[in-house]
Amino acid sequence: MSKNIQVLIDSLPSGKLQSTNYRLQESAVPLPGADEVLVKTTAVAITAGTRAGLQGSASYAGAPQAGIVMNGTGVGEVVASNVERFAVGAKVLAPTGWQTYSVHEAKALSLIDPAHEPVHYLGALGINGLTAYFGLLDVGQAAAGDTVMVSAAAGSVGHLVGQIAKIKGARVVGVCGDDAKAKVLTGDLGFDLAVNYKDANFRQSLKEATPDGVDVYFDNTGGMILGSALFRMNVGGRIACCGVVSQYDTASPEPGPKGIPGLLINKRIHMRGFLVFDFADRYAQARAELSGWLASGELQNLTDEVQGLEAAPEAFVDLLSGGNIGTRIVRVS
Ligand SMILES: NC(=O)c1ccc[n+]([C@@H]2O[C@H](COP(=O)([O-])OP(=O)(O)OC[C@H]3O[C@@H](n4cnc5c(N)ncnc54)[C@H](OP(=O)(O)O)[C@@H]3O)[C@@H](O)[C@H]2O)c1
């Protein structure tokens with residue numbers, strides 16, 4: 001067997017993340033112990049939330065730490081196994097991290113349905129697809145006829161949120177930071193409108209894009225976009241707080257926007273944070289519905305591929321400045 005190529009966190013970022021915060025290491029391929037499985041990584045997802053883990057603002061991720069393999073969800077193949085349910089050759093979803101080989105207990109693994117392209121488990125059928133599904137439908141309570149606004153709309157979670165909202169009969173306005181992305185949202189993915197938050201007249205454009213106000217705001221960004229959304233919310237509107245990507249890549253995040261709690265009170269807005277893990281007992285039901293939409297072509301799973309683990313640090317830095325459309329994955333082998 002070859003070596004295990006690993007990408008380690010060399011130092012924690014003191015301001016913006018740099019690719020030099022990482023280093024490559026080669027080590028021996030680990031062996032699975034009793035009740036363990038050895039997985040060879042095929043691809044890993046590069047996701048914005050892991051930047052919150054490096055910042056120390058994601059409590060579920062624990063304290064940030066240098067000298068360890070960068071965490072991340074991957075898909076791969078079982079190459080050695082001491083667990084009957086995970087036979088050699090099986091395709092699995094696993095917390096592989098940024099490395100070619102990793103050992104896991106069975107409880108950390110999910111089998112990939114052979115009917116699906118494995119990388120769909122890093123997007124629409126993976127954590128980000130489930131986040132979009134539960135955040136929009138359970139937390140946001142989106143329904144037909146609603147106006148749904150979503151930020152980081154061309155990213156992994158966001159492009160799925162907008163499409164699911166369309167499937168459910170909502171009117172969808174996406175917010176993103178690039179006109180070419182906006183064209184993909186309205187041209188390819190069926191969003192009704194997309195607004196660029198980097199434009200000087202963003203607030204006015206958002207107002208014009210939401211003439212009947214906003215019923216559900218799916219917030220991936222926090223910051224100025226959340227501040228603008230608050231003023232567009234309808235009475236009884238819902239804000240699903242999914243993430244704060246505008247405040248991850250810094251050592252000094254800004255405070256929350258104006259309007260809290262005043263606007264929440266006057267407009268009787270439900271603003272609720274959630275973690276996708278809250279819905280773990282319903283993943284199978286959600287995956288069944290998501291895979292039905294993929295099969296019917298109603299849902300497109302956009303991926304944005306980068307080749308080789310050595311490219312992962314730069315791909316992460318680039319994602320944080322908006323370089324991706326859809327789910328960014330690193331193809332490992
Ligand atoms: N609650 C949960 O359980 C859960 C689970 C998974 C993910 N999340 C959250 O979901 C959000 C999206 O994650 P993802 O993995 O799908 O990432 P992503 O949207 O694929 O990538 C991040 C995007 O954020 C945008 N962005 C970067 N800086 C920004 C800024 N200052 N203001 C506005 N937008 C900015 C960029 O797009 P532009 O070109 O548009 O700027 C970039 O493409 C994150 O906040 C993440 O923490 C939450």
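What you see is a predicted model; the values in this text were computed from it and never measured. All heavy atoms count here, side chains included; hydrogens, waters and symmetry mates do not. As the structure lists them, so they are numbered: ligands from 1, and atoms in each ligand from 1.
Ligand 1 has no nitrogen or oxygen under 3.5 angstrom from a nitrogen or oxygen of Gly158. Geometrically, ligand 1 and Val157 share a nitrogen or oxygen pair separated by less than 3.5 Å.
Heavy-atom contacts of Ser246 reach the following atoms of ligand 1: 30 (C), 31 (N), 32 (N) (cutoff under 4.0 Å). For ligand 1, the atoms lying closer than 4.0 Å to a non-hydrogen atom of Cys176 are 40 (O). Taking every non-hydrogen atom of Asn128 and a distance limit under 4.0 Å, the qualifying atoms of ligand 1 come out as 6 (C), 7 (C), 15 (O), 16 (O). Using a 4.0 Å cut-off to heavy atoms of Ile225, the atoms of ligand 1 that qualify are 33 (C). Applying the 4.0 Å criterion to heavy atoms of Phe274 picks out, from ligand 1, the atoms 1 (N), 2 (C).
Counting only non-hydrogen atoms, the option in Gly135, Gly155, Ala48 that gets closest to atom 17 (O) of ligand 1 is Ala48. The residue among Ala154, Gly222, Ser156 with a heavy atom at the shortest distance from atom 18 (P) of ligand 1 is Ser156. Between the choices Tyr248, Tyr197, Phe279, the shortest heavy-atom distance to atom 41 (O) of ligand 1 belongs to Tyr197. Counting heavy atoms only, Cys242 comes closest to atom 9 (C) of ligand 1 of the residues Gly49, Gly323, Cys242. Across Arg328, Gln247, Lys181, heavy-atom proximity to atom 37 (O) of ligand 1 is greatest for Lys181.
Residues Tyr22 and Glu314 have side chains that never bring a donor and an acceptor to within less than 3.5 angstrom of each other. Using a 3.5 Å distance cut-off with no hydrogens or angles, the side chains of Thr42 and Glu77 do not pair a donor with an acceptor. Checking Ser296 against Glu298 by side-chain atom types alone, a donor-acceptor pair falls below 3.5 Å. Between the side chains of Tyr217 and Ser151, a donor-acceptor pair is found at a separation under 3.5 Å. Looking at Glu305 and Thr303, their side chains never bring a donor and an acceptor atom within 3.5 Å of each other. In this model, no donor atom of one side chain and acceptor atom of the other lie less than 3.5 Å apart for Ser246 and Thr221. At a cut-off of 3.5 Å, with distance as the only test, a side-chain donor of Thr100 or Asn4 sits close to an acceptor on the other residue. Judged purely by distance below 3.5 Å, without hydrogens or angles, the side chains of Asp10 and Asn21 never pair a donor atom with an acceptor atom. Between the side chains of Asn324 and Asp304, no donor N or O sits under 3.5 Å from an acceptor N or O.
For the pair Val244 and ligand 1, a heavy-atom separation below 4.0 Å is found.
With a 4.0 Å cut-off on non-hydrogen atoms, Phe277 does not touch ligand 1 at all. Of all the heavy atoms of Met224, none lies under 4.0 Å from any atom of ligand 1, so neither backbone nor side chain is involved. If you look at Val245 next to ligand 1, the close heavy atoms, those under 4.0 Å, come from the backbone and the side chain alike. Proximity of Thr131 to ligand 1, defined as any heavy-atom pair under 4.0 Å, is confined to the side chain (atoms from C-beta onward).
Of the residues Thr210, Val235, Asp146, the one that meets the side-chain contact (heavy atoms from CB on, under 4.5 Å) test with Asp215 is Asp146.
The environment of NZ in Lys40 is sparse: at most 12 heavy-atom neighbours from other residues, nucleotides or ligands sit within 6.0 Å. More than 12 heavy atoms of other shown residues, nucleotides or ligands fall within 6.0 angstrom of atom CD in Gln307.
The protein heavy-atom contact nearest to atom 36 (C) of ligand 1 is Gly322 CA, 3.6 Å. Among protein heavy atoms, the minimum distance from atom 40 (O) of ligand 1 is reached at Gly177 N, 2.9 Å. At the shortest separation from atom 43 (O) of ligand 1 among protein heavy atoms lies Asn324 OD1, 2.5 Å. In terms of protein heavy atoms, atom 10 (O) of ligand 1 is closest to Asn220 OD1, 3.3 Å. At the shortest separation from atom 42 (C) of ligand 1 among protein heavy atoms lies Leu319 O, 3.3 Å. For atom 28 (N) of ligand 1, the closest non-hydrogen atom of the protein is Leu320 O, 3.5 Å. Considering only non-hydrogen protein atoms, atom 3 (O) of ligand 1 sits nearest to Val276 N, 2.8 Å.
The distance between the ring centers of Phe277 and Tyr60 falls below 6.0 angstrom.
Taking both residues in full, the closest heavy atoms of Arg287 and Gly126 are given as NH2-CA, 4.4 Å, listed atom of the first, atom of the second, then distance.
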